[in-house]
There are 4 protein chains.
Amino acid sequence: MAGSVNKVILVGNLGKDPEIRRTQDGRPIANLSVATSESWRDKATGERKEKTEWHRVVIFNEGLCKVAEQYLKKGAKVYIEGQLQTRKWTDQSGVEKYSTEVVLQGFNSNLTMLDGRSGGGGGNFGSDDSGSDFGSSGPSSAAPRRAVAAAGARNSDMDDDIPF
Amino acid sequence: MAGSVNKVILVGNLGKDPEIRRTQDGRPIANLSVATSESWRDKATGERKEKTEWHRVVIFNEGLCKVAEQYLKKGAKVYIEGQLQTRKWTDQSGVEKYSTEVVLQGFNSNLTMLDGRSGGGGGNFGSDDSGSDFGSSGPSSAAPRRAVAAAGARNSDMDDDIPF
Amino acid sequence: MAGSVNKVILVGNLGKDPEIRRTQDGRPIANLSVATSESWRDKATGERKEKTEWHRVVIFNEGLCKVAEQYLKKGAKVYIEGQLQTRKWTDQSGVEKYSTEVVLQGFNSNLTMLDGRSGGGGGNFGSDDSGSDFGSSGPSSAAPRRAVAAAGARNSDMDDDIPF
Amino acid sequence: MAGSVNKVILVGNLGKDPEIRRTQDGRPIANLSVATSESWRDKATGERKEKTEWHRVVIFNEGLCKVAEQYLKKGAKVYIEGQLQTRKWTDQSGVEKYSTEVVLQGFNSNLTMLDGRSGGGGGNFGSDDSGSDFGSSGPSSAAPRRAVAAAGARNSDMDDDIPF
DNA sequence: TTTT
DNA sequence: TTTT
């Protein structure tokens, strides 16, 4: 079908450090566990309640994987924009299971840090995925500010000098 | 946790008619099956591919249930705004399963018809849920335009005559 | 027309403290000035560039006005969800001007604090607007957590004990 | 600043045909005029009211300009995702004016047709902007389905064969 | 006018 | 299971 939209927007915190693995042909995939919560006062009892929802986030976008690996840690607050995707798999005992994930892949994905942990500051990272030196970045001591610049470079087609 | 956002935005088509059921205390719950699709041309083979994602949508909001029951049909195109929620349940053979759904409940939910089937025209239905005559609406022959008006009435606090 | 959606989502920082005023009949209106920024490296020159966009945000929703007044300060980071609205006005020299604003009013508006300034923590504030004791809250020394609870109470119809 | 989000989502109808012009260096720019409307019943008088908001949409993205030129017409229903941007300009009598626009440029922009006018069908067009044969497309008699395919090709990095 |  |  055409003419459809599938978009998820989350603002939440990482429940643990990102997990990065690689496909057989070397592409990185990052998995995030993101919590969102709501709190409200129960109408009947008056007591305060809170409910936390955990989201499984999967990043296929190379540039965003790099960001996740270098800058995100357990507890980090992030803005995430991706798509809903349900995957079918079979567990070790042969039972079919379904897993619904928020997938960041291709255009219209976004990952933005919203807190300035570890001396850095939030960074906005698009999804052009043209940067591909993931894994070759040497000593990952790069300062956040350079990272922002590098990420910005990937999106350099966004904004440059349009005369009109 | 506070300071979080959990939002899903879908534009897609119903795979079948809405299913409406009721809680023990009489509140309606509507289930929609919504398809979103993407198509692209495979870089390697050049062939055209298409992938459809099915979304399970659950509406707790009374007014929106009413809209779903009265106006939505298999094939209808809708705009949906809700939250991601994963539910755990146990199947008949005792296996634990998880189901992730797009839930429309409370504020910040939306359901809007995007096609003008049956002579009507898309309608925008908010989520105030103050209307509660669901089920008592008599002969459901109401014309879509009246429905829009009725739905609008539920949101009458939106817009009226703010002097400034 | 029916079947339309008008939604703005911002994550940004307040350029100054919120400004609160009142309509003749006593309803509060809050104005926020919110900055969003993008940075990128210029493809040609290689230099780092940054562009800031300022958004005029107007809150008609009583509960959200209260939140703005009590908890938001210059520099605060916020998540905002509202609608685009363009207003025509005439300046003192009789020239017609247009002002486009992000309006928070009625359902489908949201204001969430994303930083934990003043010992608090971000709070998620919906838009039911049923709370109306704005202005009578006495010594505004209320701790953020109580505020979250109070705000949550306004949304208590969101979530309570749906059996299914 | 980093860590910010500036996003507009519209579903509305074109008030007139798209206007396409070109920069001095040949890049296309499309302008759309998009209407969104709300209707509600006035609480006091009980009468039905409707308010239409007009949005000025500017597309810098080459691929999306092409889509606009080839497939969008007055009355078309579209899903639009872009950014808010306010531009300052001086009119012929020297008065400074501001114009706020919804800009589609770079990643995280989207334009999707939601109705199947002229025998076609809605199309989903991303924002990779790597296609650049705009203007050279010869007899613009291309059928919508081919256009969808072409647009899909621009996003062919989205989805292909990720083994994991 | 913010933030990094 | 939809839609194109």
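None of these values were measured; they are calculated from a predicted model. A note on names: the letters A, B, ... follow the listed sequences, proteins ahead of strands, and every chain is numbered from 1.
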- Query: Which of the following nucleotides, E/dT2, F/dT2, F/dT1, is nearest to the side chain of C/K74?
  - Reply: E/dT2
- Nearest to side-chain heavy atoms of C/A35, which nucleotide of F/dT2, E/dT1, E/dT2: E/dT2
- Item | Integer-rounded Å distance: E/dT1 C1' and C/D17 CG | 11 Å
- Query: Which dot-bracket notation, 5' to 3', represents the base pairing of DNA chain F when pairs are defined as Watson-Crick or G-U with both distances under 3.5 Å, crossing pairs as [ ], and inter-strand pairs as |?
  - Reply: ....
- Task: Would you give the length of the straight line joining atom CG of C/L104 to atom CG of C/L32, rounded to the nearest 0.5 angstrom?
- Result: 8.0 Å
- Note on the structure: Which of C/R56, C/K16, C/E19 passes side chain to side chain donor-acceptor pair (under 3.5 Å) with C/N31? Answer is C/R56
- Start with the C-alpha gap between D/V5 and C/L10, add the side-chain angles, then the distance that decides, and say whether side chain to side chain contact (heavy atoms under 4.5 Å, CB included) holds. CA-CA 5 Å; D/V5 173; C/L10 302 176; over 6 Å; no
- Gap between atoms CD and C1', on C/E53 and E/dT2 respectively (whole Å): 13 Å
- Item | Integer-rounded Å distance: E/dT2 C1' and C/R56 CZ | 17 Å
- Task: Starting at NZ of D/K7, measure out to CD of A/E81 and round the result to the nearest 0.5 Å.
- Result: 3.5 Å
- Query: E/dT2 C1' sits how many Å from C/L10 CG, rounded?
  - Reply: 13 Å
- Query: Does any non-hydrogen side-chain atom of C/I80 lie less than 4.5 Å from one of C/V34?
  - Reply: yes
- Nucleotide F/dT4, atom P - distance to CZ of B/R41 in whole Å: 20 Å
- Task: Measure from the ring centre of B/W54 to the centre of the six-membered ring in the base of F/dT1, then say whether that distance is under 5.5 Å and the planes meet at under 30°.
- Result: yes
- Query: Rounding to a whole Å, what distance do you find between B/E38:CD and F/dT4:P?
  - Reply: 18 Å
- Interatomic distance, B/L32 CG vs F/dT1 P [rounded to whole Å]: 18 Å
- Message: Tell me the interatomic distance from D/D115, atom CG, to F/dT4, atom C1', rounded to whole angstroms.
- Response: 13 Å
- Selection from F/dT2, F/dT1, E/dT2 that lies nearest to any side-chain heavy atom of C/S37: E/dT2
- Note on the structure: Rounded to the nearest 0.5 Å, the CG atom of B/L111 sits from the CE atom of B/M113 at a distance of 8.0 Å
- Query: Is a donor on one side and an acceptor on the other found under 3.5 Å between the side chain of C/R21 and the backbone of C/I29?
  - Reply: no
